[in-house]
Amino acid sequence: MESGNQSGVSEFILLGLSDEPEQQSLLFFLFLLMYLITGLGNLLIMMAIISDPHLHTPMYFFLSNLSLVDICFTSTTIPKMLNNHITKNRTIPYSGCLTQVFFFILFGGIDSFLLTSMAYDRYVAICAPLHYSTVMTPRVCVLLVLVSWSWAITNSLTHTVLLTQLSFCGHNQIPHFFCDLSPFLKLACSDTYINDLMVYTVGAPTVFLPFVGILISYAHIFIAIMKISSVIGKQKVFSTCASHLTVVCLFYGTVIGVYFSPTSPHTAQQDITATVLYTVVTPMLNPFIYSLRNKDMKGALRMLIIRKLGFTL
């Protein structure tokens, strides 16, 4: 993959989030804590779903896949950042940067499609409950996940292969805590027209098509909720969607703001802050907002802890 880089640049420097020593130490422990919470929380969700037969339903199937992808998503960026802080070495090899770009785009794309699959599941459950078991079959659920992976791999591979055709010379400092596509492209000496074009023709559908699918699903859900005469009934149905809507707004709002608004006056620091929200904060919050307020998930987690650790909550 390094054959396309004919400039002789063998490594890049990740500038991180701050140059202040005090802030660096604080950020190190903060990101370490968030990474541990993300890993432990999502791992518990996966174990609880696998161990409890009552949770072997489409909704929890998508949730377990989302938890797995979130662990991989954060593992693509945070460990390298923590290692850079410990070793006091901010460099990353050219091949390592390409690898990080590939997996970052891959897991971000899968996240996008899984959120859409979960929205579709809620749409069928609320708008066509009598047909739920015949529509959301195990075969359909597996197919949706396979489509998510296939599309995301194609998108990620396209961007990564095109990056290998660029030349990098001179400036090799990336103002970020990982090799993100946008700041990486800005370092290229050669023309990035094709790369930029692919961001909008291949990358954009990975974000916008799932987003449109979510909007359509929730438009129908909203209409169905408005037809419910009971206020308590409306609140009960809406509560099953509120957590998912929160994550969708946080995830898509920051992704679109960073990658698809080049003419907006946002600064590099604002881009980094927005990136942290959907790459670190959202995966950390997912176990809480999706599961810990759910009665069935609480029961499954309680039984899991009782069986594995031998004490009650």
Side-chain angles (χ1 to χ4, degrees), residues 58 62 65-66 68-70 72-73 76-77 98-124 135-136 140-166 176 178-186 188 191-221 244-264 266 271 274-275 277-279 282-283 286:
F62 293 129
N65 278 273
L66 184 69
L68 173 62
V69 172
D70 280 342
C72 297
F73 197 25
T76 301
T77 58
L98 289 179
T99 301
Q100 201 170 54
V101 169
F102 173 81
F103 284 108
F104 179 77
I105 297 176
L106 170 65
F107 293 123
I110 297 173
D111 244 1
S112 181
F113 279 98
L114 286 177
L115 289 174
T116 308
S117 299
M118 297 175 77
Y120 178 67
D121 174 77
R122 292 298 84 204
Y123 157 73
V124 177
V135 174
M136 298 304 296
V140 170
C141 295
V142 171
L143 183 61
L144 287 173
V145 172
L146 289 178
V147 169
S148 302
W149 277 88
S150 299
W151 186 298
I153 290 174
T154 301
N155 176 49
S156 182
L157 194 60
T158 299
H159 290 298
T160 307
V161 170
L162 287 175
L163 283 175
T164 65
Q165 307 307 308
L166 299 178
H176 219 309
F178 69 96
C179 291
D180 198 2
L181 179 62
S182 180
F184 195 33
L185 285 175
K186 293 177 182 178
D191 185 18
T192 62
Y193 173 77
I194 298 299
N195 302 78
D196 295 331
L197 182 64
M198 288 299 102
V199 169
Y200 290 95
T201 58
V202 178
T206 305
V207 175
F208 285 109
L209 288 181
F211 185 58
V212 170
I214 292 174
L215 291 180
I216 294 174
S217 296
Y218 274 105
H220 286 86
I221 290 173
H244 183 257
L245 276 174
T246 302
V247 174
V248 167
C249 293
L250 185 59
F251 182 84
Y252 282 102
T254 52
V255 169
I256 293 173
V258 171
Y259 297 104
F260 301 103
S261 56
T263 58
S264 61
H266 49 63
D271 284 348
T275 304
L277 286 177
Y278 78 85
T279 61
T282 301
N286 280 350

Check residues 204-221 and write down every donor-acceptor pair under 3.5 Å in which the side-chain atom is one partner and the other belongs to a residue at least two apart or another chain.
| residue | atom | partner | partner atom | Å |
| --- | --- | --- | --- | --- |
| Thr206 | OG1 | Trp151 | NE1 | 2.9 |
| Thr206 | OG1 | Val202 | O | 3.2 |
| Ser217 | OG | Gly213 | O | 2.9 |
| Tyr218 | OH | His244 | ND1 | 2.8 |
| His220 | ND1 | Ile216 | O | 2.9 |

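- Side-chain atoms of Gln100 never come within 3.5 Å of backbone atoms of Phe178 as a donor-acceptor pair (strictly under, hydrogens ignored).
- Across every non-hydrogen atom of His176 and Thr275, the tightest pair is NE2-OG1, 3.7 Å.
- Listed by first and then second residue, the side-chain hydrogen bond (donor to acceptor under 3.5 Å, both in side chains) pairs that reach into residues 105-123 are Ser112-Tyr252, Asp121-Tyr132, sequence neighbours excluded.
- In this structure, Val199 and His159 have side chains that are in contact, with non-hydrogen atoms separated by less than 4.5 Å.
- Closest of all the heavy-atom pairs between Leu163 and Asn195 is N-ND2, 3.8 Å.
- Checked by atom type and distance alone, the side chain of Ser156 pairs as donor or acceptor with a backbone atom of Phe102 at under 3.5 Å.
- Taking all atoms of both residues into account, the shortest heavy-atom contact from Tyr278 to Pro283 is O-CD, 3.6 Å.
- The side chain to side chain contact (heavy atoms under 4.5 Å, CB included) check on Asp191 picks up Tyr193, with sequence neighbours excluded.
- Side-chain contact between Leu144 and Phe113: absent, with no pair of heavy atoms (C-beta onward) separated by less than 4.5 Å.
- Nearest approach of Trp149 to Phe107, heavy atoms of both residues: CH2-CE2, 4.0 Å.
- Side-chain atoms of Thr282 come within 3.5 Å of backbone N or O of Leu277 as a donor-acceptor pair.
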